[in-house]
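Scroll down for the structure; my scribbles are underneath it.
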Amino acid sequence: MSTIHDVRVDDWLRRALPGRCAFCLGATPGTAPWCRACHLELPWNLPACPQCAEPQSGQGRGRLCGHCLRRQPAFAAARVPLRYEGAAAALIQRFKFQASPRAGSVLLALLDGALETTPSPQGLVAVPLHDRRARQRGFDQAQWLARRLAARRDMPLYKARRLRDTPSQRGLDRRQRRRNLRAAFHVEGELPAHVALLDDVMTTGATLDALARACQQAGARRVEVWAMARTPSA
């Protein structure tokens with residue numbers, strides 16, 4: 001019931017509040033769904049590790065983090081514009097758990113803008129939910145984003161399957177997460193040489209690392225990660 005209600009509210013907001021900021025409901029310049037002040041105040045993920053996008057501070061800013069130096073992930077780079085906190089976390093939660101199309105549209109615009117100068121790979125792969133979990137939730141947020149981003153950037157969308165309904169990653173350390181996801185994914189067909197993986201939130205990167213390895217088995221030589229927000233690694 002709450003999801004239906006939120007969808008109706010979103011529809012009403014789009015009709016009744018054109019040109020209003022998605023965060024403060026103030027007036028917006030041009031066609032962007034946010035005002036300049038709210039956009040500047042978002043928790044931008046800078047600086048960050050260039051390979052896994054882990055938020056950084058102090059010495060070593062912009063260099064590979066300790067995790068990547070000790071064990072490089074299968075993906076070559078991660079482009080994750082926001083940190084998972086504050087207004088960004090609230091927006092992602094509304095999109096992910098309430099299936100809010102307004103929140104999803106704002107996230108899509110933020111991600112597309114952050115990738116504006118990033119060359120498009122030859123294909124996009126969304127991090128898949130297991131079929132059983134997708135039926136239970138009734139909404140696959142990564143697939144929703146991937147379909148629309150692929151259309152915007154004129155990229156083919158390739159399908160991956162989650163072979164096992166893996167236990168929740170919450171409470172697991174980095175090594176346990178990797179073990180939990182071993183051989184958890186399969187990519188259907190052959191992939192082009194350069195692909196990007198898409199997810200809403202990147203935590204330790206274990207899920208994306210496992211999917212990147214499956215993509216390499218399907219023929220990809222360079223795999224990068226695109227996600228909306230990054231949580232600090234444990």
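Computed over heavy atoms, backbone and side chain alike; hydrogens, waters and symmetry mates excluded.
Side-chain atoms of R213 do not come within 3.5 Å of backbone N or O of F185 as any donor-acceptor pair. Put simply, the side chain of R162 gets close to the backbone of P128: a donor and an acceptor are under 3.5 Å apart.
Separation of atoms CZ (R230) and CE (M202) is listed at 4.5 Å; rounding is to 0.5 Å. The CD atom of Q122 lies 9.5 Å from the CE atom of M155; values are rounded to the nearest 0.5 Å. To the nearest 0.5 angstrom, M228 atom CE is 9.5 Å from L198 atom CG.
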**Message:** Before you tell me yes or no, could you show the steps for Q56 and E54 under side chain to side chain contact (heavy atoms under 4.5 Å, CB included), namely the whole-Å CA-CA distance, both residues' side-chain angles and the distance that decides it to 0.1 Å?
**Reply:** CA-CA 6 Å; Q56 294 177 328; E54 180 176 5; 5.5 Å; no

Under 3.5 Å, which donor-acceptor pairs link side chains of residues 143-154 to any protein atom two or more places apart or in another chain?
| unit_1 | atom_1 | unit_2 | atom_2 | d |
| --- | --- | --- | --- | --- |
| R148 | NH1 | W144 | O | 3.0 |
| R152 | NH1 | D112 | OD2 | 3.3 |
| R153 | NE | S120 | OG | 3.1 |
| R153 | NH1 | L115 | O | 3.2 |
| R153 | NH2 | T118 | O | 2.7 |
| R153 | NH2 | S120 | OG | 3.1 |

Side-chain donor/acceptor pairs under 3.5 Å, residues 34-51, sequence neighbours excluded:
| unit_1 | atom_1 | unit_2 | atom_2 | d |
| --- | --- | --- | --- | --- |
| W44 | NE1 | H39 | O | 2.9 |
| N45 | ND2 | A53 | O | 2.9 |
| N45 | ND2 | V80 | O | 3.3 |
| Q51 | NE2 | F75 | O | 3.0 |

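V201 pairs with exactly one of T207, T231, L82 by the side chain to side chain contact (heavy atoms under 4.5 Å, CB included) rule, that one being T231.
Pairs of residues two or more places apart, or lying in two chains, that qualify as salt bridge (Lys or Arg N to Asp or Glu O under 4.0 Å) and include a residue from residues 75-86 are R79-E224, R83-E85. Applying the salt bridge (Lys or Arg N to Asp or Glu O under 4.0 Å) rule to pairs touching residues 189-201 yields K96-D200, sequence neighbours excluded. Among residues at least two apart or in separate chains, there is no salt bridge (Lys or Arg N to Asp or Glu O under 4.0 Å) pair with a member in residues 116-129.
Of all heavy-atom pairs between S100 and F95, the closest is O-CD1, 3.6 Å. Nearest approach of A227 to L111, heavy atoms of both residues: O-CD1, 3.8 Å. In terms of heavy atoms, A77 sits closest to R222 at CB-NH2, 4.0 Å. Of all heavy-atom pairs between C215 and L197, the closest is SG-CD2, 3.6 Å. In this structure, R102 and A22 approach most closely via the heavy-atom pair NH2-CA, 3.3 Å. When all heavy atoms of A229 and I92 are compared, the pair lying nearest together is CB-CD1, 3.5 Å.
With contacts defined as side-chain heavy-atom distances shorter than 4.5 Å, the pair R71/D209 qualifies.
Applying the side-chain hydrogen bond (donor to acceptor under 3.5 Å, both in side chains) test to Q93 and every residue at least two apart in sequence or in another chain returns Y84.
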